[in-house]
Amino acid sequence: MSIAKTYNPREAEKKWYSYWMEHGFFRSTPDEREPYTIVMPPPNVTGVLHMGHMLNNTIQDVLIRRARMQGKNACWVPGTDHASIATEAKVVAMLKEQGIDKKSLSRETFLEHAWEWKEKYGGIILKQLEKLGASCDWERTKFTMDPDLSEAVIDTFIKFYKEGYIYRGVRMVNWDPQGKTALSDEEVIRKEVNQKLYYVRYQIKDSEEYIIIATTRPETIMADTAICINPNDERFTHLKGQSVIVPLINREIPIIEDEYVDMDFGTGCLKVTPAHDLNDYELGQKHNLEVIDILNDDGSLNEKAQILIGEDRFIARKKVTNLLEEAGQIEKIEDYKSQVGFSERTDAVIEPKLSMQWFCKMDKLAKPALEYVENGTIKLIPEKFFASYKHWMLNVKDWCISRQLWWGQQIPAWYNENNEWVVAKTEQEAITEFNQQGKSSSNLLQEEDVLDTWFSSALWPMSVFDGVRNPDNTEFNYYYPTQDLVTAPEILFFWVARMIIMGHDYTQKPPFKNVYLTGIVRDKMGRKMSKSLGNSPDPIELMEQYGTDGVRVGMLLSSPAGNDLMFDISYCEQGRNFANKIWNAFRLVKGWETTEAPATESQKNAAIWFENRFNQAVSEIDEHFSHYRLSDALMAIYKLIWDDFCSWYLELIKPAYQAPIEKETHETVKVFFEKILTLAHPFMPFLTEELWHDELFKKREEKDCIIVAQYPVVKDFDIRLIKDFEIVQQIISEVRSIRNAKGISPKIELPLAINAAGIDFETHRETIIKLANISTLDLVNEKIQGAVSFLAGKSECFVALEENIDIDAERERITKEIEYLKGFLISVDKKLSNERFIQNAKPEVVQNEKNKKADADTKLKILEGSLLNLS
RNA sequence: GGAGAAUUAGCUCAGCUGGUUCAGAGCAUCUGCCUUACAAGCAGAGGGUCACUGGUUCGAAUCCAGUAUUCUCCACCA
C-alpha cells in the first residue's frame, strides 16, 4: 500500500464537508450544555467572496470549532443582508439591460423582479463559504427580508415610534442622486478631491461696485438667497444693508451679516445657498432666508434654476462657469483641494438636499450602549477602538432611517386624504388609529419609503432567534446574548453600535460579549484589496491551489486582531507546507511495522518529555485564545507539531530503516498524534479529519469525528524536565554544528564526553547518541585533552576529533565566550554594588541578579579551565 | 482641523504592569545535505544604534515630552 507523498486536499475537502453536513455536526439545538453562539455578519446578498470575508469567516470558524470541541453547544448562524441600495441598483441595471425602465414598473412588479433576482443570484457567497469549511448551522440561514425578520423590523419601528425615538421631518440630508435616495451620515465617504475655487463678482444693486465671493459650486448660484459677510469685517462695513444681483439670472438678494463667516477665507464674502449646503441651510434658518431648490432628484437642474434646465449638475457647473466668464463675472479661478462626500454604495457625489425623511433620535439610546463598552460588559478587541467608539457615541447624531427605494421594509406609516399620518402595522390598524384621532381614514396610502438596511441588521442577533417578535422563546433565551462577534472595524458604527443599542432597548442585555475587530486585508504594497484595483486574489482559486487548510493557515498566521494584514501568497504556501508536513509525519507513523517488545527507556523518557512539552504548549495556546491572539495560538501549534513532535519526538523514537517499532511506543505516538490533530483541527479542519479516520488510529464509529472530539484541556507540566531536555537539545545541536563547521558528514560517528553538572545524563544517553550520531558517550570528571569543547548549561562537553583540532580557532572561540561572560559579570556586579539598586529593586530581582552572577561565575571557571587545557 | 495608533532583522510581526548581555518568532537569505516520512524537506549559520532628540530612573525597546514619517477614524469652512 502506498500513500501519496504529498497531501492532496481536494478529495478530503469534498468528502468531509458533506460528511459533516450529513451527520448534522453543524446543527445546534438548545440543550443542557453551555451555549457558544456567533451570529455571522450577514454579507450582502449581492456579495461574492473576497479576502475580507475569507479572513473574517475563517476566524469565526476557528472559534466555533474550538468551542464545539470543548463541549460547548456551538451555534454559528449564517445569513445574508438585503442591502437595499446595492441590490436595488443591481436589479435596476439588470432590467435596463432587458430594456425595462424602473419608472415604468409598479412597485409590486419591480419587487417581483427583485425577488426573482435574489432567488437566482443572491447568496452565492453562502455557497462559497462552504468551500472554506465554515461550520455554520445552515438550517438556521436567515435573510434580513425573511417574513419574520421583516416583521421584527416593522415591530421595532412601531415600538421606537411609540417610545418617541422616531420622528419625521424636513431636514437637510445626504442625497445620493444616482441611487436617488437619502443616506445616513455613516454612508457618506469623504474624500479629498482636486477642485477649483471660483471667484465670482456679484454687482451691488444700484451701484457700479462689485462684491466678490469664492465658491466651489458655481452651478448653485441660481439658488443663492443671500450674501453673507462678517459683521466685524471693516472691508465691507459700507455694504451693510445693501443687496446684490445674482449673476446670470439677475435676482436681487440681501447682504446679511453673521460671525459664522471666516474673514480670512476666500474674499470674506459667502454666498448663501440654503437648499444646497448644510451650513447655508442653517444660516438661512437663522436669517429667515428663502430656500430655492434648483436640483432634481437625479442631480439635474430644475426649472427653478431658470437657466440650463435639465442639465446635470457637473455639466451645469462648466456651463455656468463659461457663461460667467463670457459675462465678465469671473474674477479668477484657483486650484483647490477639499473634502467631498461620496455615496458608500454608488460612489456618486452626495448632494445635500432638503427633504422630508424619517429619523431616529439617538442621544438617549446611545448612552447605555456606551456604558456597556465603558464598563467592560462588552469587550472590544483590540481595545484601541474604544476611543473612536466613545467619540462616536458621545457625538451621535440623529439617524436618517428612510430610503427612497422599494427593496426593503416599507415604513409602516399611513397617510389619509388630508396628508395626515399615523404609524400602524396594517392598514386596518391605521384606519382604527385615524378614527380614534377623529381624522379621516379614507384613501389611505402607505409611506413609500423603505427603512435603512442597517435598521434591520441592527436587530440581527435577536431576530435570527425570533427574539424581537417573541422574546420568551426557548432558543432566544438559550442563545442570546451571543458570545463573540467577528467583524470589520469599518462597520463599528454602522452596525455594531446599533446592534448594541437595539439589543439593550429590547432585552436590557448586550447582544454579545466580545467584539473581535479584524484588520483590513491589504496587498503587499499596503493597498486595500478591492475589486476596482484588481489586486485581490480570488479566495476560491487560492483554495484550489493551496488547499483550504493551507489558505486558512496562511490568513491567520499573519493577522493579529485589529491590525491590517499585508497579504502575500507566500503565507498560503507556508500553510500548504505545514499541511504537508503533518501529512508526512502521518506517513511515517503509518508505515511502521510493530514488534511486541516493550518501549525502551529512552522512548519512555521521550514520551514523558513530549507529554510535558505538549501540556506546556496547550497552556500557551489557551492563553493566546483567551486574548483572541489567534495567530499566536496557531504559531504555537505550528512549532509544537513541526519542531517538537516531528523534529524531536519522532526522530527520537524512530526505529532504524525498515526495522519495526516497539508496539507500546507505537501506541503512544498514535495517542500523541491524535492529540496534536485535535489541537490543529480548528485551523485545519479537513486534513485533521481525514487523518483522524485512518485505520492507523482505529476504526471509527460513524460519529467519532475530530470535529466533535475532545479538545485538549490545560494540564500541569514539569518545567524542570523541559528545561533539562533543552540542555540535551543544545548538546545535540552543538555537535551538529561542529560537524557542519568542520565539514564532517553526519554519517560519521563522533565520540562525546560530558562533564555533567546537575543533569542525569543517563536518562538521555540514547537520545544524544542517536540524534547527534555519537560513537561513545563518556561521562567524565575532568577535561579531555585535544578535544573541541562547548558548554551546555553548566555541563562541559568534549568532542575529540580524529584530525587535529584547530587550537587557535578553539582558543579564539573560548576567549570570546569568556569575554562575553566577563562583560556580563561586570554589568551584574555593577548592579549588585549599586546601593540604590539594592534598596529600590524588588527582592526577587536582586536575588535573580545574584543567581545570575553565581551561574556566570561557574561557567567562567569552566571556560578558563578549558583555555588552560588547550595550551 | 480634531482624535487615535504605529515606527523593533530583507518582509510580516511578538516583546503584557520598566529588571537576565534583551534584543525574539515565522518567512526570506546563506552554507552543507536527494540521510527511504516530507527538497512543500533535513542540518547548520548570518542578520537589528529597537525612527530621531531629550527627560524620568539605580536601570528604558518598554514610562514621559518634543521631532520626523506613516496609517486609521472623526469634522460643514465656502
Side-chain angles (χ1 to χ4, degrees), chain A residues 3 5-7 172 190 197 213-217 228 260-262 264-267 269-273 277-282 336 338-339 341 352 382 384-388 391-392 395 489-490 492-493 520 524 526 546 550 557-560 562-568 570-571 573-574 576-592 627 629 631-632 635 638-639 646-647 650-651 654 657-658 733 736-741 743 745-747 773 820-821 823-828 830-831 834-842 844-846 848-849 851-852 855-856:
Chain A
I3 313 168
K5 227 174 153 176
T6 49
Y7 168 55
M172 191 62 102
R190 298 199 173 263
L197 191 57
I213 58 91
T215 179
T216 54
R217 302 200 56 193
C228 190
Y260 162 77
V261 176
D262 181 350
D264 299 326
F265 186 87
T267 58
C269 298
L270 174 68
K271 80 185 195 64
V272 186
T273 322
D277 185 280
L278 179 59
N279 297 301
D280 290 11
Y281 175 71
E282 280 163 10
Y336 184 67
S338 73
Q339 299 283 326
K384 67 177 177 188
F385 288 104
F386 175 64
S388 56
H391 184 262
W392 190 80
N395 297 286
E490 301 150 3
L492 190 57
F493 311 125
I520 296 166
K524 253 182 132 177
Y546 296 99
L557 271 179
S558 54
S559 82
N563 275 11
D564 289 359
L565 162 150
M566 303 291 172
F567 182 78
D568 189 273
S570 68
Y571 288 119
E573 239 170 81
Q574 193 180 351
R576 177 201 59 183
N577 295 354
F578 182 43
N580 198 47
K581 182 74 187 175
I582 298 175
W583 176 259
N584 275 291
F586 166 77
R587 281 181 67 215
L588 175 69
V589 176
K590 169 94 173 162
W592 282 333
H627 293 100
R629 294 193 294 242
S631 54
D632 292 328
M635 185 45 73
Y638 182 91
K639 286 198 266 195
C646 294
S647 297
L650 287 182
E651 289 300 332
K654 189 156 109 179
Y657 177 52
Q658 287 193 336
S733 270
R736 287 168 174 171
S737 178
I738 290 168
R739 268 208 172 78
N740 237 294
S745 162
K747 286 175 192 159
N773 199 21
Y820 171 89
L821 276 173
F824 177 73
L825 277 170
I826 287 171
S827 87
V828 176
K830 214 165 104 188
K831 277 188 198 172
N834 184 335
E835 272 173 45
R836 283 197 281 185
F837 171 71
I838 304 288
Q839 281 165 9
N840 297 330
K842 281 182 249 168
E844 310 95 83
V845 175
V846 177
N848 196 13
E849 292 297 315
N851 294 345
K852 271 156 54 181
D855 267 21

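- Put simply, A/Ser388 has no side-chain N or O that comes within less than 4.0 Å of OP1 or OP2 on B/C74.
- Across B/A28 and B/A43, the matching P atoms stand 15 Å from one another, rounded to whole Å.
- Between the side chain of A/Lys5 and the base of B/C38, no donor-acceptor pair of N or O atoms lies under 3.5 Å.
- Annotation: B/G24 and B/G66 have their C1' atoms spaced 30 Å apart (nearest Å).
- In this structure, A/Ser570 does not reach the B/U12 phosphate: none of its side-chain N or O atoms is under 4.0 Å from OP1 or OP2.
- In this structure, CE of A/Met635 is placed 11 Å from P of B/A25, rounded to the nearest angstrom.
- A/Gly823 comes within contact range of at least one nucleobase, with a heavy-atom separation under 4.0 Å.
- A/Tyr336 comes within 4.0 angstrom of sugar-phosphate atoms only, judged by non-hydrogen atoms across all strands, and of no base.
- Of the possible donor and acceptor atoms, one in the side chain of A/Asn584 sits under 3.5 Å from a partner among the backbone N and O of A/Asn580.
- Closest to the side chain of A/Asp262, out of B/A5, B/C77, B/G44, is B/C77.
- The partner of B/U67 is B/A51, by the rule that a Watson-Crick or G-U pair needs both atom distances under 3.5 Å.
- An OP1 or OP2 oxygen of B/U20 is reached within less than 4.0 angstrom by no side-chain nitrogen or oxygen of A/Asn851.
- Among the heavy atoms of the strands, none lies under 4.0 Å from A/Phe586.
- At the heavy-atom level, A/Ser733 lies under 4.0 Å from the strands shown only through sugar-phosphate atoms.
- Distances shorter than 4.0 Å separate some side-chain N or O of A/Lys852 from OP1 or OP2 on B/U21.
- Pair assignment for B/U35 gives none, since no Watson-Crick or G-U wobble pairing has each distance under 3.5 Å.
- In this structure, the separation between CG on A/Leu557 and CG on A/Asp632 is 10.0 Å, given to the nearest 0.5 Å.
- Here A/Leu270 lies in heavy-atom contact (under 4.0 Å) with a base.
- Of the listed nucleotides (B/A37, B/U31, B/A78), B/U31 has the atom at the smallest distance from the side chain of A/Asn740.
- A/Arg587 contributes atom CZ, which lies 15.0 Å from atom CD1 of A/Ile582 (distance to the nearest 0.5 angstrom).
- Using a 4.0 Å heavy-atom distance criterion, A/Lys654 is classed as a base contact.
- Using the Watson-Crick or G-U wobble rule with both distances under 3.5 Å, B/G1 pairs with B/C74.
- For A/Glu844, the CD atom sits in a packed shell: over 12 heavy atoms of surrounding residues, nucleotides or ligands are nearer than 6.0 Å.
- When both distances must be under 3.5 Å, the Watson-Crick or G-U wobble mate of B/G24 is B/C13.
- Annotation: B/G46 and B/A25 have their P atoms spaced 12 Å apart (nearest Å).
- Contacts of A/Asn840 with the nucleic acid, taken as non-hydrogen atoms under 4.0 Å apart, include base atoms.
- When both pairing distances are held under 3.5 Å, B/C30 makes a Watson-Crick or G-U pair with B/G44.
- For A/Val272 against A/Cys228, the heavy-atom pair with the smallest separation is CG2-CB, 3.7 Å.
- A/Phe824 and A/Tyr820 have parallel rings, their planes meeting at less than 30° on a 0 to 90° scale where 60° marks the start of perpendicular.
- Phosphate proximity of B/A37 to A/Arg587: absent, as no side-chain N or O sits under 4.0 Å from OP1 or OP2.
- The aromatic rings of A/Phe493 and A/Trp392 sit parallel to each other, their planes meeting at less than 30°, with 60° as the upper class boundary.
- No contact: A/Thr273 has no heavy atom under 4.0 Å from any strand.
- No contact: A/Cys228 has no heavy atom under 4.0 Å from any strand.
- Between B/C13 and B/A6, the two P atoms lie 13 Å apart (nearest whole Å).
- Side-chain atoms of A/Glu651 and base atoms of B/A43 include no donor and acceptor less than 3.5 Å apart.
- Within 4.0 Å of A/Glu573, counting heavy atoms only, lies no atom of the nucleic acid at all.
- With C1' as the reference atom, B/U17 and B/U53 are 27 Å apart, rounded to whole Å.
- The residue A/Tyr820 sits close to a base: some heavy atom pair falls under 4.0 Å.
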Quick one, A/Trp583 with A/Ile3, criterion side chain to side chain contact (heavy atoms under 4.5 Å, CB included). Give me CA distance, side-chain angles, the key distance, then yes/no. CA-CA 10 Å; A/Trp583 176 259; A/Ile3 313 168; 3.4 Å; yes
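- Using atom P as the reference point in both B/A14 and B/G26, the two lie 16 Å apart (nearest Å).
- Under 3.5 Å, the side chain of A/Asn279 and the base of B/C76 form at least one donor-acceptor pair of N or O atoms.
- Using C1' as the reference atom, B/A9 and B/C27 are 12 Å apart when rounded to the nearest Å.
- Applying the Watson-Crick and G-U wobble criteria (two distances, each under 3.5 Å), B/U57 pairs with nothing in any strand.
- Residue A/Arg736 is in sugar-phosphate contact alone, with no base atom involved, counting any heavy-atom pair closer than 4.0 Å across all strands shown.
- Nucleotide B/U62: unpaired (no Watson-Crick or G-U wobble partner with both distances less than 3.5 Å).
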